[in-house]
Amino acid sequence: MVASILSFVVVIALFLLLAWLTRRLWRVRNPGLRWLGVIVFGLLTAVVGLVTVVALVGAARLNLPQSNPVPDATVAGTPEQIARGERLVNICAGCHSTTLAPPLDGSGENFVPEFGTLYPPNLTPYHLGDWSDGEIVRAIREGVGRDGRALLIMPSSQFRHMSDDDVQSVVAFLRSQPSVDRDVPETSMNVLGSALVGAGMFPTSVQPPITEPIIAPPLSDAVNHGEYLVNITGCRECHGADLTGGVPGGFTPVGPNLRAVVPNWSAEDFINTIRTGVTPEGNELDPAEMPWPEVSRMYSDEELQTIYEYIRQLGPTASTE
């Protein structure tokens, strides 16, 4: 936080210095030197001023309390919930665990070193012990921390689709983990990071409040249940909103066009690909790009088949890019 404040102080001081120099140059007697100096330093002053304003907007988005109320949730913590939650949190382990598996003791990596400090936090009872069940649910599905501030890189845009039963199962498992005494640095964005947030190029995780119950389609409703799992697993983040392939330039890997690939496979082919990380054509999936080990641990064969059925019914497309 101190480094972030200092970066703002430096940029504001630079803006004031440039503005002062521009004013001084306006008083130079030599017309050529005067206009050259005013144009150059005036443009620099405008650019630094614009960046400063956008960065302050971003800092406000990051630090001002959000209006999302804390949901009224009390998790029973049954063995069934804990077992279900243990499977679902595998998708979280890639960010929130030093071992890429539970317990979720927090990341050892700064995800945005160029823009500040952002370590996914410790999600064992050591960190969550003072949180209410509703506060954890809100953080997962709405991207708002216990202090009411916006979270970053928390995939709440996908988790907001998570059913009430499933999100409570996640909370139940998080509560059941061993408490790992491990702290991670506090999140803090520098001027550049704040400017990206202010410009909308690095959006926060905040989602609109969830005001109605969310119920997952039954497993017997294969297509709709498969769509539900695709949504909460985040397949669209890498494979595109309509699963026809990702778009370069984002924060996620560019996944292939699933609607061109999956219809050529049988359900057994699809399940085996997720289980082994090897496609029917013999291509090995990079687990750093496609988290097949985590997805394999999350879902049963029946659940994976519903994902297959959902993708297949969307209809094929020509390109495999």
Side-chain angles (χ1 to χ4, degrees), residues 64-93 95-97 101-107 120-184 186-187 204-221 224-225 227-229 231-234 294 297-300 303:
L64 292 180
Q66 302 297 313
S67 60
N68 302 50
V70 177
D72 182 14
T74 302
V75 177
T78 65
E80 292 77 15
Q81 285 181 318
I82 293 172
R84 172 69 173 167
E86 184 174 13
R87 290 200 290 134
L88 290 174
V89 300
N90 276 284
I91 202 65
C92 310
C95 292
H96 287 278
S97 172
L104 305 184
D105 59 348
S107 175
N122 181 339
L123 298 183
T124 71
Y126 173 76
H127 174 64
L128 296 178
D130 294 332
W131 290 51
S132 70
D133 292 342
E135 287 170 340
I136 300 175
V137 169
R138 183 178 66 171
I140 294 170
R141 296 201 299 192
E142 299 176 26
V144 178
R146 186 179 184 226
D147 57 5
R149 290 165 38 176
L151 300 178
L152 286 171
I153 313 187
M154 175 67 184
S156 297
S157 59
Q158 68 193 54
F159 291 159
R160 69 174 285 100
H161 301 288
M162 190 176 288
S163 72
D164 297 344
D165 287 343
D166 277 349
V167 75
Q168 290 199 22
S169 293
V170 170
V171 174
F173 175 73
L174 294 178
R175 298 282 198 210
S176 75
Q177 296 178 103
S179 183
V180 180
D181 186 352
R182 182 170 181 273
D183 293 306
V184 301
E186 180 183 359
T187 296
T204 71
S205 300
V206 176
Q207 301 294 311
I210 295 172
T211 58
E212 299 292 334
I214 300 179
I215 301 173
L219 193 59
S220 58
D221 184 0
N224 287 322
H225 192 85
E227 180 181 18
Y228 168 72
L229 297 183
N231 288 337
I232 69 170
T233 310
E294 290 90 338
R297 292 192 295 267
M298 287 174 69
Y299 298 132
S300 66
E303 289 171 313

Output side-chain donor-acceptor pairs under 3.5 Å for residues 70-83, partner residues at least two apart or in another chain, one line each.
{"residue": "Thr78", "atom": "OG1", "partner": "Gln81", "partner atom": "N", "Å": "3.1"}
{"residue": "Gln81", "atom": "OE1", "partner": "Gly77", "partner atom": "N", "Å": "2.8"}
{"residue": "Gln81", "atom": "OE1", "partner": "Thr78", "partner atom": "N", "Å": "3.1"}

Minimal non-hydrogen separation, [X] against [Y], with atom names:
X: Gly85; Y: Phe173; result: C-CB, 3.7 Å
X: Leu104; Y: Cys92; result: CD1-CB, 4.1 Å
X: Arg175; Y: Pro125; result: O-CG, 3.5 Å
X: Asn231; Y: Gln158; result: O-CB, 3.2 Å
X: Glu303; Y: Met298; result: OE1-O, 4.0 Å
X: Cys95; Y: Ser107; result: O-CB, 3.0 Å

Can you name the side chain to side chain donor-acceptor pair (under 3.5 Å) partners of Tyr299, sequence neighbours left out? Thr233

Using side chain to side chain contact (heavy atoms under 4.5 Å, CB included) as the criterion, list what pairs up with Glu294, not counting sequence neighbours. Asn90, Pro291, Arg297

For Arg182, which residues count as a side chain to side chain contact (heavy atoms under 4.5 Å, CB included) partner, sequence neighbours excluded? Thr98, Asp105, Asn122, Val180, Val184

At what distance, to the nearest 0.5 angstrom, does [atom1] of [X] lie from [atom2] of [Y]?
X: His225; Y: Ser220; atom1: NE2; atom2: OG; result: 9.5 Å
X: Ile232; Y: Glu227; atom1: CD1; atom2: CD; result: 12.0 Å
X: Ile215; Y: Asp165; atom1: CD1; atom2: CG; result: 8.0 Å
X: Ile91; Y: Phe159; atom1: CD1; atom2: CZ; result: 6.5 Å

Would Thr204 and Gln66 count as a side chain to side chain contact (heavy atoms under 4.5 Å, CB included) here? Give the steps. CA-CA 11 Å; Thr204 71; Gln66 302 297 313; over 6 Å; no

Using the rule side chain to side chain contact (heavy atoms under 4.5 Å, CB included), only one of Leu128, Ile140, Ile136, Val170 pairs with Leu123; which is it? Leu128

Does any part of the side chain of Glu86, heavy atoms only, come nearer than 4.5 Å to the side chain of Ser176, both counted from C-beta? no

Just wondering, do Gln177 and Val89 contact through their side chains at under 4.5 Å, heavy atoms? no

Glu142 side chain to Ile210 main-chain N or O, any donor-acceptor pair under 3.5 Å? yes

Keeping the roles fixed (side chain from His127, backbone from Asp183), state whether a donor-acceptor pair exists under 3.5 Å. no

Taking NZ, NE, NH1 and NH2 as the nitrogens, is one of them in Arg87 or Asp166 under 4.0 Å from a carboxylate oxygen of the other? no

Restricting to salt bridge (Lys or Arg N to Asp or Glu O under 4.0 Å), what partner residues turn up for Arg138, sequence neighbours left out? none

Residues that His161 engages under ring pair (Phe, Tyr, Trp, His ring centres under 6.0 Å), provided they are two or more places apart: none

